[in-house]
Asker: 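Quick one: structure below, then a few questions.
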Amino acid sequence: DHRDLHLSLRRQRQMCIRDSIGTAASGRKNVARVSWRSPANLYQPEIEQIERPYQIDRFGRRETDVDAIGVTSKGQAGRRGKYVVVTAEKETQQVAYKISIENALMAPGDIIEIADERREGARHGGRVVSSGPFGIYTWYVVDAPSSAPFPPAAGYTFSTVLDDGSFHSSAITSTSSIGDFQVFTAGNISPKTCPPGAPFVITTPTVAPKKFRVLSIAEDSPQVFEVTAVEHDPDKWTLIDDPTEIGSPTSYPADTWPPP
């Protein structure tokens with residue numbers, strides 16, 4: 001979950017979103033019973049139970065057992081349990097889509113961004129027409145008429161895929177228009193490494209692509225791949241590492257019933 005962002009995509013002809021659904025309610029666990037080995041008890045198994053009380057009040061108890069192999073620390077066992085219940089709460093959307101081979105350079109576990117104008121209500125992406133010393137030329141105006149170029153502002157970034165397949169993102173420093181095209185000048189993008197036809201996405205202070213973690217990728221037909229991904233929330237680690245967020249866990253020996 002600490003991997004760097006791998007790819008930024010938008011809904012387009014080369015990307016057909018087949019399904020966008022919520023994860024199964026039965027899979028959103030709010031109680032995690034983590035089994036770990038206690039050095040103070042001759043490394044006998046003990047249970048660290050982590051709960052999300054308000055989730056239990058709303059949806060009822062949904063328990064899961066976690067075997068923390070090799071864990072001999074109560075704190076680490078508690079963190080493992082927090083990871084399970086916080087991830088189940090924060091990452092609830094799953095998406096499946098088909099994509100052309102040009103954007104299929106990914107693997108399970110990679111973090112990607114998807115900009116869907118149907119969900120966001122605005123189009124913030126396209127393809128690079130050409131690049132030069134004055135910026136990167138794009139196909140169309142992004143969320144603005146051609147007569148009014150998209151204004152640069154703090155927090156506006158330009159993200160694209162370079163010719164070596166790597167992902168690059170940098171701040172937009174200026175904008176202008178030439179005919180039907182917008183021109184974006186973005187720092188630290190060499191014209192030689194941004195090929196014509198490369199997909200791009202623009203992140204604004206109010207609209208940003210949604211992050212997903214790739215679960216699987218398989219070839220559906222020649223040069224067409226189907227990808228399944230689940231929502232990724234990088235801010236969940238703040239909740240997981242905050243000792244006051246979930247409260248004190250419940251500990252008890254593995255061969256006894258948990259306290260009421």
Side-chain angles (χ1 to χ4, degrees), residues 1-25 27 87 90-131 136-143 157-170 180-182 184 186 189-204 207-234:
D1 277 357
H2 289 289
R3 296 191 187 190
D4 294 333
L5 187 63
H6 179 75
L7 184 64
S8 190
L9 304 168
R10 74 172 184 89
R11 184 190 287 268
Q12 54 184 327
R13 289 179 300 173
Q14 288 78 15
M15 176 183 176
C16 176
I17 297 180
R18 178 178 59 82
D19 203 4
S20 180
I21 60 176
T23 56
T87 297
K90 297 295 183 181
E91 300 178 356
T92 59
Q93 184 182 356
Q94 184 169 314
V95 64
Y97 64 90
K98 294 182 179 180
I99 198 166
S100 61
I101 192 172
E102 63 178 339
N103 292 320
L105 187 63
M106 64 181 72
D110 284 342
I111 306 301
I112 63 175
E113 286 182 339
I114 297 179
D116 188 351
E117 59 264 28
R118 297 183 184 179
R119 177 183 293 272
E120 299 164 357
R123 197 173 184 182
H124 291 89
R127 288 185 177 273
V128 173
V129 177
S130 62
S131 60
I136 296 174
Y137 294 69
T138 63
W139 275 109
Y140 54 83
V141 176
V142 179
D143 200 27
T157 59
F158 182 95
S159 304
T160 188
V161 178
L162 304 181
D163 53 6
D164 61 357
S166 62
F167 175 83
H168 184 84
S169 181
S170 60
D180 296 331
F181 301 126
Q182 280 272 24
F184 292 91
I189 295 184
S190 170
K192 296 181 180 179
T193 60
C194 188
F200 75 87
V201 171
I202 290 177
T203 302
T204 77
V207 179
K210 199 166 189 177
K211 289 182 173 62
F212 289 84
R213 185 175 66 254
V214 176
L215 297 179
S216 65
I217 178 170
E219 189 171 13
D220 181 71
S221 59
Q223 298 189 4
V224 176
F225 293 80
E226 181 161 355
V227 179
T228 302
V230 68
E231 181 180 358
H232 173 69
D233 182 4

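All values derive from a computational prediction rather than experimental measurement.
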Asker: Rounded to the nearest 0.5 Å, how far does CD1 of Ile112 lie from CZ of Phe212?
Answerer: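 The distance works out to 7.5 Å.
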Asker: Return yes if some donor-acceptor pair links the side-chain N/O of Glu91 with the main-chain N/O of Asp233 below 3.5 Å, else return no.
Answerer: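 Pair found, side chain donor or acceptor close to backbone of Asp233.
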Asker: Can you measure from CD (Glu226) to NZ (Lys98) and round to the nearest 0.5 angstrom?
Answerer: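 Reported value, rounded in 0.5 Å steps: 5.5 Å.
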Asker: Taking side chain as C-beta onward, heavy atoms only, is Thr228 less than 4.5 Å from Ser216?
Answerer: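 Contact flag for Thr228/Ser216 side chains = yes.
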Asker: Between Ala229 and Val214, what is the shortest heavy-atom contact and its length?
Answerer: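 Reported closest heavy-atom pair: CB-CA, 4.0 Å.
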Asker: With no hydrogens and no angle check, is any side-chain donor or acceptor of Gln93 less than 3.5 Å from a backbone partner on Glu231?
Answerer: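 Checking the backbone N and O of Glu231 against the side chain of Gln93, no donor-acceptor pair under 3.5 Å is found.
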Asker: To the closest 0.5 Å, what do you measure between CD1 (Ile111) and NE2 (His232)?
Answerer: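 Separation between the atoms: 4.0 Å.
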Asker: Evaluate whether atom CD of Gln223 has more than 12 neighbouring non-hydrogen atoms of other residues, nucleotides or ligands under 6.0 angstrom away.
Answerer: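 Result for CD/Gln223: open.
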Asker: Locate the shortest heavy-atom distance separating Leu215 from Pro108; write the atom from each residue and the value.
Answerer: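 So the two residues come closest at O-CB, 3.5 Å.
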Asker: Kindly determine whether Tyr97 and Ile114 satisfy side-chain contact (heavy atoms from CB on, under 4.5 Å), including the steps that lead there.
Answerer: CA-CA 11 Å; Tyr97 64 90; Ile114 297 179; 3.9 Å; yes
Asker: Go through the steps to decide whether Val224 and Glu219 satisfy the test side-chain contact (heavy atoms from CB on, under 4.5 Å), and finish with yes or no.
Answerer: CA-CA 6 Å; Val224 176; Glu219 189 171 13; over 6 Å; no
Asker: Compare all side-chain heavy atoms of Arg213 with those of Asp110 and state whether any distance is below 4.5 angstrom.
Answerer: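 Of all side-chain heavy-atom pairs linking Asp110 with Arg213, none is under 4.5 Å.
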